[in-house]
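Worksheet: the structure to be examined is printed underneath.
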2 protein chains.
Amino acid sequence: MGDPVEVFNGHLRSRGIRGSKRREEVLKVFLDASSHLSMAELFLDVRRRCPGMGLATVYRTMRLICEAGLADEIDFGDGTKRFERKDNQPHHDHLICESCGRCVELDDGEIESLQARLADDHGFTLTRHKMYLFGICPDCRRQEEGSRRTRKVGENR
Amino acid sequence: MGDPVEVFNGHLRSRGIRGSKRREEVLKVFLDASSHLSMAELFLDVRRRCPGMGLATVYRTMRLICEAGLADEIDFGDGTKRFERKDNQPHHDHLICESCGRCVELDDGEIESLQARLADDHGFTLTRHKMYLFGICPDCRRQEEGSRRTRKVGENR
DNA sequence: TTGCTTGCAAAGGATTTGCAACATG
DNA sequence: CATGTTGCAAATCCTTTGCAAGCAA
């Protein structure tokens, strides 16, 4: 797909939208950031590098980045938008730890073919899907077991 | 599981929460309503039967109904809560038409075992999952094809 | 100049909460 | 009487929009 910055500028040009320093700033922060960042986290990151930037600009730019095909919006169901890169990885689903928030990306070849078949059974043309698995990761499970063993009665968490 | 009204009242009692006319009203409307209704739709239904009821009461009561194990909250990603009964049907996933909103319930035995395996591969203990397939249903596809054939250039929709 | 971009504040939409009035055991 | 329940309005949270000021071609 090529250099994301190029792809982004190309997308803007093709749509008759101007490039700008701020837009490039947001794109760079997004590209450098870890995956699945929420809008709020992303905004904090952006402000660190570019203190004057407004929240609206980050929202607007993330939309452009998505339209350019560089990002996907994801929704863990916690009431905030999250983003991940789309240009440097194949499609995948997510397995999220409900205790620590850790997120594992799942290769979903098998799931996808099953989904396609299910849709087909009902005559639907599949356009997209959302799948999120929630559970407890090994680390958190160990901790829980540990604290359960040592915790006094009535003690919280 | 028994009569939902009984289950509900039992749940309230066991939690030291009072029953009330309004709560029963909401429960009945929910039980009679079609599945996957949004909060707004449910509220309209409730108001039809019980004009003075406040939105907050419906929110509060639906939470109780979920806690009683009678309803599941579902999230089609359109920014509103939806509900479906949980007591009279096995777990399933959803296939939603992006054009008309029709929703088909999918028996997901195969999907579930795959999901369990994926979680297991990463050492996770699975607690729950969300899976939504989006597509175009047969009816809408036919209509689209029809209108595409007969539509004049530049005409919308 | 002309039009796009930006930050800020205000608006929006969904949901929750505070509270005084109210009901009910 | 004592508590729990309710409607209303206000408050939250996340996101989008309006707008005047700033910039760039």
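Reminder, nothing fancy here: chain letters follow the sequence lines and each chain counts from 1.
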- Query: With respect to the phosphate group of dT15(C), does any side-chain polar atom (N or O) of Arg63(B) fall under 4.0 Å of OP1 or OP2?
  - Reply: no
- Message: Can you measure Phe76(A) atom CZ to dC14(D) atom P for me and round it to whole angstrom units?
- Response: 16 Å
- Closest to side chain of Ala56(A), choosing from dC8(C), dC8(D), dC23(D): dC8(C)
- Check the distance between dA14(C)'s P and Met62(B)'s CE and give it to me in whole angstrom. 17 Å
- Task: Measure from CG on Asp75(B) to C1' on dA14(C) and round the result to the nearest Å.
- Result: 12 Å
- Message: Among dT5(D), dT15(C), dC8(D), which nucleotide has an atom closest to any side-chain atom of Leu55(B)?
- Response: dT15(C)
- Message: If we ignore hydrogens and angles and just use 3.5 Å, is the side chain of Glu6(A) paired with the main-chain N or O of Gly2(A) as donor and acceptor?
- Response: no
- Message: Side chains of His122(B) and Glu105(A) only: does a donor on one sit below 3.5 Å from an acceptor on the other?
- Response: no
- Phosphate-side-chain proximity, Ser20(B) and dT24(C), N/O vs OP1/OP2 below 4.0 Å: no
- May I ask you to say what Gly16(B) touches in the nucleic acid, namely base, sugar-phosphate or nothing, with a heavy-atom cut-off under 4.0 Å? nothing
- Atom NZ of Lys21(B) to atom P of dT5(D): distance rounded to whole Å? 17 Å
- Query: Side-chain N or O of Lys81(B) less than 4.0 angstrom from OP1 or OP2 on dT16(C)?
  - Reply: yes
- When the nearest nucleotide of DNA chain C is assigned to Arg18(B) and to Met39(B) on a heavy-atom basis, which residue is associated with the more 5' position? Met39(B)
- Check: Asp93(A)/His129(A) side-chain N/O donor and acceptor closer than 3.5 Å: yes
- Item | Euclidean distance, atom CZ of residue Arg13(A) to atom C1' of dC4(C) [Å, nearest integer] | 16 Å
- Can you tell me if the side-chain N/O atoms of Arg60(A) get under 4.0 Å from OP1 or OP2 in dT16(D)? no
- Distance-only side-chain donor-acceptor flag, Arg141(A) / Thr125(B), under 3.5 Å: yes
- Message: On the nucleotide dT15(D), are OP1 or OP2 found under 4.0 Å from the side-chain N or O atoms that Tyr59(A) carries?
- Response: yes
- Query: Taking CZ from Phe43(A) and C1' from dC13(D), how many angstroms apart are they, rounded to a whole number?
  - Reply: 15 Å
- Message: Rounding to an integer number of Å, can you tell me how far Leu64(A) CG sits from dT6(C) C1'?
- Response: 13 Å
- Message: Can you see if the side chain of Arg23(A) gets near the phosphate of dC4(C) - specifically, an N or O under 4.0 Å from OP1 or OP2?
- Response: no
- Spacing between Arg15(B) atom CZ and dG4(D) atom C1', to the nearest angstrom: 13 Å
- Query: For His92(B) and Glu84(B), does a side-chain donor sit closer than 3.5 Å to a side-chain acceptor?
  - Reply: yes
